[in-house]
Chemist: 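Please read through the structure below; I'll follow up with questions.
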2 protein chains.
Amino acid sequence: MVHADASNFATNITKEQAYEQVFKEAEALLDGQRNWVCNLSNTASLLWHVYKSLPSPSSEVNWAGFYTLCPTSHTTLILGPFQGKVACQTISISPARGVCGTAASTATTQLVADVEEFPGHIACDGDSRSEIVVPIVVGGVVKGIIDVDCKVVGGFDEVDRSWLEKLAVLLGEGCDWP
Amino acid sequence: MVHADASNFATNITKEQAYEQVFKEAEALLDGQRNWVCNLSNTASLLWHVYKSLPSPSSEVNWAGFYTLCPTSHTTLILGPFQGKVACQTISISPARGVCGTAASTATTQLVADVEEFPGHIACDGDSRSEIVVPIVVGGVVKGIIDVDCKVVGGFDEVDRSWLEKLAVLLGEGCDWP
């Protein structure tokens, strides 16, 4: 049975070890459950709690969650499950708006050390200073994105990119997308 | 434009005033946006942050979010957007399991002062000691539930019931349900 303990992470492990635990927990959650809302909701919780267990800058993450392809407009992302403060409801993919729109329109990860230097950045939350956005691609189509914001500049690195990209593949294959 | 500031609440207001602000913020979020995933995701954020701004026992809330009617089995609830630790993925409505299943099967709010005394309580998180579950009813059909857990006994009262029931009506009417 799924249990809240899955959100508990030791505080003396490396970021790689922490992400490995997230990935294994996510694999277990998706085993036998393909509902995308259910799976993204629990995965957002895993991500939020792993960042809070890590030292700075990861502990300064202030938003972790998902946008998905809008069911009524395939040139728009719509807010999915997340943990953090209230967020923008829709983001344009075409024309691409901000970090999320760019990741979705190009189907490539955006690792942004300082969002204030990113052209067309959308300031849903002025506290956010760095961001990583990873597309979830299924059969060549971007079905959604993983979006994580951090309150400090340079909050993310290649370890985040590598593991979030693995997680995006797992979610892409493990969910029935609308 | 929707902004993270909607999640900020003054710390010197009453619970009634805090819920009134949540309700107004939710009304504004739902104005022109009927996507249920988007709306439940932002509403879970509003609820989480309002509880954290209030004194105990509200500040001891450890889970706030939603289960909805499972698209593949109408006798099952499936996890929706939430804030808090990883949660049970599905809950049976028929036979009714635990506080959530009972709220959904009877279409009535369950205000449980001590979950350990509730027959058939599901311990997704052993930290939860009290719970309130409010059905979201649309056209006579339970489309989902609002579920809030608290780490202390007696975490909820008639003020919570009254405002969460108003919020359930707003969400029921303001979203396109699957």
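The sequence lines fix the lettering, A, B, ..., with proteins before strands; numbering per chain opens at 1.
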Chemist: Could you walk me through whether A/F66 and B/V37 satisfy the side-chain contact (heavy atoms from CB on, under 4.5 Å) test, starting with their C-alpha distance in whole Å, then the side-chain angles of each, then the deciding distance to 0.1 Å, before giving a yes or no?
Modeler: CA-CA 11 Å; A/F66 300 90; B/V37 179; over 6 Å; no
Chemist: Under a 4.5 Å cutoff for heavy-atom pairs, which residue among A/A6, A/A87, A/A44 has the most contacts with chain B?
Modeler: A/A87
Chemist: Based on non-hydrogen pairs under 4.5 Å, which of B/S128, B/P71, B/P81, B/G84 is most in contact with chain A?
Modeler: B/G84
Chemist: Against chain A, label B/N8 side chain, backbone, both or neither, depending on which of its atoms sit under 4.5 Å from a heavy atom there.
Modeler: side chain
Chemist: Are B/I13 and B/V61 joined in one hydrophobic group, where the rule is that I, L, V, M, F, W and Y side chains link up if heavy atoms are under 4.5 Å apart?
Modeler: no
Chemist: Give a yes or no on whether B/V134 and B/V159 share a hydrophobic cluster (residues Ile, Leu, Val, Met, Phe, Trp, Tyr; joining criterion: side-chain heavy atoms under 4.5 Å apart).
Modeler: yes
Chemist: To the nearest 0.5 Å, what is the distance between OG1 (A/T76) and CG (B/N35)?
Modeler: 11.5 Å
Chemist: If you count heavy-atom pairs within less than 4.5 Å of chain A, which of B/N42, B/D125, B/L79, B/T43 leads?
Modeler: B/N42
Chemist: Assigning hydrophobic clusters by single linkage (Ile, Leu, Val, Met, Phe, Trp, Tyr; side-chain heavy-atom cutoff under 4.5 Å), is A/V137 placed with A/L30?
Modeler: no
Chemist: Is it the side chain or the backbone of B/N62 that comes within 4.5 Å of chain A heavy atoms, both, or neither?
Modeler: neither
Chemist: Would you name the heavy atoms of A/S7 and B/V86 that are closest together and state the gap between them?
Modeler: OG-N, 2.7 Å
Chemist: Please classify the contact of A/L29 with chain B as side chain, backbone, both or neither, using a heavy-atom distance under 4.5 Å.
Modeler: both
Chemist: What heavy-atom pair brings A/F82 and B/S45 nearest, and what distance separates the two atoms?
Modeler: CZ-CB, 3.6 Å
Chemist: How about B/T90 and A/C38: do any of their side-chain heavy atoms sit closer than 4.5 Å?
Modeler: no
Chemist: Is there a path of hydrophobic side-chain contacts, each under 4.5 Å between heavy atoms, that joins A/V142 and A/V112?
Modeler: no
Chemist: As an exercise: rank B/Q33, B/Q83, B/E25 by heavy-atom pairs under 4.5 Å with chain A and give me the winner.
Modeler: B/Q83
Chemist: Do A/F156 and A/L47 sit in the same hydrophobic cluster, where Ile, Leu, Val, Met, Phe, Trp and Tyr count as joined when their side-chain heavy atoms come under 4.5 Å apart?
Modeler: yes
